[in-house]
Structure formats: structure tokens, C-alpha cells
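Scroll down for the structure; my scribbles are underneath it.
Here is how names work: the chains are called A, B, and so on, in the same order as the sequence lines, proteins then strands, and each is numbered from 1. All heavy atoms count here, side chains included; hydrogens, waters and symmetry mates do not.
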Amino acid sequence: MKKVENIAYAGLTRFIENGEGEKELLLWVENDLSKTSFSYSYFETMSNRIAGILQEIGVNPGDTVSLFIPRSPMLISCFFAVLKNAAISSILFSTLGEAGLLDRLSNSNARVIITKKSLLRKIISIKHQLPTLERILVVDIDEDQNDHVLSLKRLLSKSSSAFDYPHSLDAETPAFLQYTSGSTGKPKGALHVHGAIADIEKSFKEIMQLQADDLYWCTADPAWITGLVYGIIAPFTTAARQLQYNGTYNADNWLKLLEQEKVTVWYTAPTALRMLMQEEESKFSQRDFQHLKRMYSVGEPLNPEIYHWGKRIFGVEVYDNWWQSETGSMMIANRPPMKVKPGSMGKPREGIESFICDENMRLLPPGKQGLLCLHKGWGSMFRGYFHNDTAYAEKFHGDIYVAGDLAFTDSDGYFWYVSRADDVINTAGHLVGPFEVESALLEIPEIADVAVIGADDPIMHKRIVAFVKLRSGAAWSKELELKCRVHVSNKVSTSAIPAEFHMIEQVPKNQSGKILRRVLKAVYEGKDPGDTSTME
Amino acid sequence: MDIQERLTKVFRTVFDNESITLTPDLTADDVDEWDSLSHINLMLAIELEFGIEFSQSEIQNFSNVGELLECVKTKLEPS
């Protein structure tokens with residue numbers, strides 16, 4: 001089998017061996033704008049220490065270690081430590097609720113979780129449902145709580161800064177899991193391998209085109225595929241100088257950082273740009289963005305309005321691109337020197353075969369809307385959905401990967417996104433399965449039945465809209481709305497909170513009990529619901 | 001129960017976290033579950049708890065708990 005470098009070797013150890021250990025790699029900015037510089041040596045040493053601890057507590061190659069901590073230098077160190085053990089890293093959003101967390105931890109069979117004190121209670125509350133979970137390492141407690149809940153701080157104080165590991169391994173060795181939602185059922189873990197590294201680096205170089213003097217800023221959280229692949233893996237393995245900001249969206253801080261730190265290449269998301277668009281123009285005009293060379297955007301379609309706004313305000317080109325948790329790297333992208341067509345995703349990058357097919361997998365000509373497909377076989381392609389072969393097989397028709405998006409091409413070969421081809425809701429770049437939200441809402445005693453759809457939203461691309469049938473005797477109120485919102489937030493995730501609730505007499509379903517979301521969407525949009533003959 | 005205690009109770013319920021302790025300089029960056037989406041839950045819960053209403057700009061512009069507490073106190077003062 002083909003051998004490749006372990007991603008941890010390619011991203012850290014290799015640079016130490018080359019004498020570049022002290023090279024400033026990452027400028028870390030806290031939410032109070034205090035700054036710390038980190039070098040390869042820092043991450044090499046810290047990840048060695050954590051790797052040794054993981055090995056000592058019994059983590060073996062192929063085991064899953066879940067990282068349930070917010071973005072931080074510690075998270076980056078933990079990620080590389082897991083890879084040094086040839087174990088599988090699974091970074092999880094710290095805003096996940098108990099059910100969302102349980103789905104992911106039980107699917108991944110995590111043996112170890114690294115977390116922080118304030119998140120520990122969520123794990124403890126579901127631990128009895130996680131038979132494979134052996135150890136919980138907590139980064140910010142001083143003493144072990146018991147034999148299972150250990151202080152990583154204490155373990156680090158007596159750990160070794162050296163860790164031996166094989167620098168090369170089989171290309172197909174699993175490296176990380178990225179959870180994503182589907183139309184039905186539980187979240188699926190897209191499994192990626194160490195062999196993805198060449199494709200990730202190639203895409204980063206071809207599209208971002210960073211030079212030695214550039215300062216790159218990817219705003220995505222590492223629990224999101226963009227934040228992991230283009231916020232950690234690619235910048236580390238290509239020695240890109242980067243900035244990371246440890247805070248939520250804050251227009252003043254973001255603009256200050258762009259200006260004062262002289263960011264040259266900025267990778268962000270349409271929702272963030274739409275939020276910035278709502279700020280007073282004076283906030284931008286009082287700042288000088290002369291160092292910024294270009295911006296990139298991903299996660300949702302970049303509509304022409306934002307594109308033109310971004311170009312006018314920041315004075316640089318805005319390059320949109322398209323990819324997924326499953327593709328592992330950017331597939332279709334605008335990049336220099338190509339001419340940008342506002343609203344288009346761009347063109348496939350070198351070596352990627354992308355095309356539009358109808359439902360029978362017949363190729364469609366330019367201008368015809370259909371399923372966005374990719375020819376199987378690119379290096380960073382996911383190798384499976386963890387413990388879900390059926391769902392993986394359903395994504396392919398022979399050698400063709402069907403992305404689940406509707407799009408069309410134009411006569412110049414540009415791709416144009418239309419919508420999801422399924423019921424998954426893309427809200428602010430997070431894919432939310434309606435089933436997860438509905439399941440949580442059905443736990444509320446006042447709710448008899450519920451259906452969830454995505455509706456157009458001027459900021460978040462799609463907002464979640466819930467149609468609720470109340471139990472007899474129950475009445476809708478502000479208090480009940482709050483109860484629903486808080487329950488979904490704490491059970492599933494903050495990104496799954498419905499923005500609107502509408503009361504209905506009956507959830508439209510077909511004779512086999514499947515929710516007819518298209519009917520609800522049509523009614524919501526004031527359109528004709530079409531054929532309802534299959535409705536029960 | 002004073003206003004701060006009632007506010008603490010609201011925070012703990014909304015974020016399902018009994019360990020939250022309110023300080024004037026506490027911000028969304030200090031609470032794992034507090035993001036722009038759960039912030040709407042928090043505002044709605046405070047409005048219901050105190051029988052007050054926030055304007056859109058108030059909802060968007062609280063930069064820390066101290067400002068939020070002051071705003072609640074002001075709204076509760078007899079006019």
C-alpha cells in the first residue's frame with residue numbers, strides 16, 4: 001500500500017527537523033485583542049506531551065479521540081497529538097447539545113474525550129449511554145475527579161516532551177472524522193485519511209496562492225471542515241503565516257484586526273459578510289485595508305449583492321468557492337487570475353472533474369439545472385461515513401459522487417449553485433437535518449407533531465422554520481416558544497434553533513407517513529403546493 | 001431575589017449550565033453556549049422574566065453582562 005507522511009509529521013515534526021522550529025507560525029488573538037505568537041516548536045512539544053498521555057492511557061491506532069473544546073492552541077495541539085498516535089480525531093462544536101453530542105460520540109465509538117470543565121457536565125449526563133468511553137481528559141481542572149475524569153493539566157506536568165511515532169503510514173490510514181447532517185437519520189461522520197494531505201496542500205496553493213509575506217486569516221471554527229482543513233492542516237503543512245481570533249463575530253474587533261495586523265488574505269463566510277454589511281459604513285471608511293489583497297468566501301452561496309458590497313468596501317476581489325465535509329478540500333473555486341462572475345462558485349480546480357447530471361445520471365448541457373456531481377477518486381475524498389456503509393453507498397452512482405446540491409453550468413464552464421437537492425438546511429454554513437430538530441421538539445409535552453423546513457433568510461442564507469401541531473388543550477405562548485428554542489439549543493445545537501414557529505392543524509404527510517416538506521414550503525412562500533394526491 | 005440573582009437564574013436556564021456566575025465583564029466569549037443564535041433565546045427569556053422589552057439595537061449591542069444588567073435595571077425603574 002502507498003505510504004504517505006503522517007499529517008502531524010507534515011504539519012509539525014518535518015519543520016523541526018528542517019531547523020524551522022522557531023518560525024512564527026500563528027498569531028493568536030484573544031477576544032480582548034491580546035496577542036500571542038506560536039511557533040512550530042510550541043505545537044510540536046505540546047502535541048508530543050499530549051500524544052504520550054494518550055498512549056499511556058491506552059489509545060491505540062484506529063481509536064477515536066473526540067475533541068470537545070473550543071478553538072484554542074490547545075485544540076490544535078490535541079489534534080496533532082491524536083494523529084501522532086495514528087488515532088482518529090473528531091473535533092466537535094462546543095455549542096452542541098446533549099443529543100447532538102451523544103449521536104456523534106456513540107457513532108464514533110470514542111474511547112477518549114478531551115474537554116473543558118464547563119462542558120464536562122454535558123458528557124457526564126450522557127456517559128452511561130457511551131459504553132466505549134473510557135477516559136475524559138479535562139484541560140482546566142487541577143486534580144483528577146476519579147479514575148475516568150482526569151486532569152490533563154496534571155498529566156501534562158509530568159509528561160515527556162519527546163514522542164516517537166512513525167512519520168509515514170499507509171495512505172488510507174484514517175485521520176479525522178467530520179460530522180455532517182443528512183435529510184433523515186442521525187449525523188454522519190465523514191471519514192478522511194492521511195493520504196488526503198497532498199490534495200489539501202495542492203488545493204490551498206492553487207486557490208489561496210499565499211506568498212511568504214502574506215498574513216492569512218481563516219475565520220472558521222476548527223469544528224467546521226473549513227476551520228480544520230484550511231485553518232489548521234493546510235497552513236501548518238505549507239508554513240503559511242496565519243492569524244486566528246478566539247472570539248465570536250465582533251465587527252469592531254474583526255475590522256481592527258484586518259487593519260492593524262495587516263491581514264493580506266482573508267477566508268470567511270457569506271453570513272459573516274452579510275452581518276458586516278449591516279454595520280454603519282463609517283466603521284469601514286475610518287479604517288485602512290490597504291494590506292488586504294483578496295478575500296475568499298465559503299459555506300453558502302455568495303450572492304452578487306454581498307460580492308459587490310465586499311469589493312466596494314474592502315477594495316479587493318472576493319472569491320467564492322464550493323466544497324463539503326465529504327470532499328475534504330475545495331472542489332470548485334474562483335481564484336486569481338480568473339475573472340469572477342458574481343454569484344458563481346467558479347470552476348473546478350485542476351484535476352477535479354465536476355459536471356451536472358439529471359436523476360438518471362445523464363450529463364446535462366450548460367444552462368440546465370441538475371445534480372452537482374464529481375468524478376470519484378480525488379485524493380481528499382471521504383472514505384466512508386463512519387459505521388454507516390449504506391449512507392456512503394447512497395452518495396455514489398458507480399464512479400460518480402452526487403453532492404446533494406442542485407446547480408448548473410454556463411457556456412464558459414462556470415458553476416452556479418441553485419439549492420440543496422434534499423431537505424438539509426444550510427443555515428449560516430451549518431448543515432442541519434430537519435429530523436434532528438423535529439426529534440428534539442417532539443420531546444416537548446405540548447407538541448403533538450412537528451415539521452421543519454428551511455426558508456430564505458437575508459443574513460443566514462436559510463433560517464429554520466418549524467410548523468407545530470399542539471396537543472389538545474395546549475396553547476402557544478411566548479413562554480412555550482422560549483421552552484422550544486432553549487430545548488433545541490441545549491439538546492441539539494444553537495445552530496438548530498428555529499427562527500420561526502407556526503401553528504398548524506395537521507402536519508402534511510404522505511400515505512407512508514413521510515412529511516411533505518414541499519407542501520409546507522409552498523404554503524410558507526404563498527405558492528401553489530402542487531400535487532397533494534399522495535397526502536394522507 | 002434581586003435583579004442579579006434573577007438574571008443569573010435566567011442565564012443558567014437558557015444555557016443549561018448551573019455553574020454560570022454573572023460578573024459585569026462576562027461576555028459571550030466566556031460562555032461556551034452563548035452565540036448569536038442562543039443570544040436571542042437569552043433576550044427572550046429576560047424579557048419574559050422581567051416583563052420588559054428590548055429594542056433591536058439593544059439586543060445587538062450589549063457588549064457584556066454589566067451593560068445588560070444596567071439596561072434591565074433602567075427598564076424596571078418606575079417612570
Side-chain angles (χ1 to χ4, degrees), chain A residues 30-32 68-71 92-98 115-122 125 221 245-253 271-272 275 278-279 427-428 430 432 459-460 463-464 477-500, chain B residues 1 3 5-68 71-72 75-76:
Chain A
E30 290 295 341
N31 52 47
D32 61 2
F68 188 44
I69 42 175
R71 80 168 94 195
L92 302 173
F93 277 105
S94 44
T95 51
L96 278 176
E98 283 169 20
T115 191
K116 61 184 277 200
K117 192 179 168 187
S118 60
L119 294 171
L120 182 60
R121 69 199 152 78
K122 288 188 189 174
S125 69
D221 190 294
Y245 171 64
N246 183 26
T248 49
Y249 169 81
N250 178 317
D252 292 331
N253 282 358
T271 290
M275 285 163 84
Q278 293 191 314
E279 302 288 341
T427 180
H430 294 272
V432 176
I459 303 288
M460 305 167 75
R463 66 174 172 277
I464 299 172
S477 63
K478 280 271 180 201
E479 286 77 8
L480 183 52
E481 179 183 342
L482 178 64
K483 187 175 173 181
C484 292
R485 295 176 60 99
V486 168
H487 187 69
V488 172
S489 177
N490 293 327
K491 193 84 186 183
V492 187
S493 168
T494 54
S495 56
I497 302 171
E500 289 177 33
Chain B
M1 212 188 294
I3 295 174
E5 285 171 341
R6 286 168 69 190
L7 203 54
T8 302
K9 189 169 152 260
V10 170
F11 267 77
R12 289 179 176 177
T13 306
V14 167
F15 299 121
D16 189 25
N17 186 347
E18 286 301 312
S19 66
I20 291 176
T21 304
L22 296 191
T23 57
D25 56 354
L26 188 83
T27 71
D29 291 319
D30 303 312
V31 179
D32 302 309
E33 298 83 0
W34 191 356
D35 63 12
S36 59
L37 297 159
S38 55
H39 181 68
I40 306 298
N41 290 357
L42 180 66
M43 294 296 108
L44 183 58
I46 296 171
E47 286 180 341
L48 288 172
E49 169 66 24
F50 293 99
I52 57 175
E53 272 190 26
F54 293 119
S55 68
Q56 201 56 34
S57 72
E58 283 171 335
I59 288 174
Q60 287 171 352
N61 290 323
F62 292 123
S63 57
N64 57 34
V65 164
E67 286 181 16
L68 178 58
C71 180
V72 172
K75 285 180 186 290
L76 291 174

Which heavy atom of A/Ile497 sits nearest a heavy atom of B/Asn41, and at what distance? CD1-ND2, 3.5 Å
Check each atom of A/Glu479 against the heavy atoms of chain B and say whether the ones under 4.5 Å are side chain, backbone, both or neither. both
Given that the side chain runs from C-beta out, which part of B/Ser63 has a heavy atom under 4.5 Å from chain A: side chain, backbone, both or neither? neither
Between B/Glu33 and A/Arg121, is there a salt bridge with N-O shorter than 4.0 Å? yes
Shortest non-hydrogen contact between B/Asp29 and A/Gly247, atoms and distance: OD1-CA, 3.3 Å
Inter-residue atom distance A/Ile69.CD1 - B/Asp32.CG, 0.5 Å rounding: 11.0 Å
Could you state the interatomic distance from CG (B/Leu48) to CD (A/Glu481), rounded to the nearest 0.5 Å? 9.0 Å
Reference residue A/Leu482; test side-chain contact (heavy atoms from CB on, under 4.5 Å); the match among B/Leu44, B/Ile40, B/Leu42: B/Leu44
Please classify the contact between A/Lys117 and chain B as side chain, backbone, both or neither, with a heavy-atom cut-off of under 4.5 Å. neither
Spacing of CG belonging to B/Leu37 relative to CZ belonging to A/Arg485, to within rounding of 0.5 Å: 8.0 Å
Side chains of A/Thr494 and B/Asp35: any donor to acceptor distance under 3.5 Å? yes
Looking only at A/Asn250, A/Leu119, A/Thr95, most heavy-atom pairs under 4.5 Å shared with chain B are made by A/Leu119
Given A/Asn31, A/Asn246, A/Val488, the one with more heavy-atom pairs under 4.5 angstrom with chain B than any other is A/Asn31
Tell me, side chain or backbone of B/Ser19 under 4.5 Å from chain A's heavy atoms, or both, or neither? neither
Tell me, for A/Ser495 versus chain B, whether the close heavy atoms (under 4.5 Å) come from the side chain, the backbone, both or neither. both
Would one find more than 12 heavy atoms of other residues, nucleotides or ligands at under 6.0 Å from atom CD of A/Glu279? yes
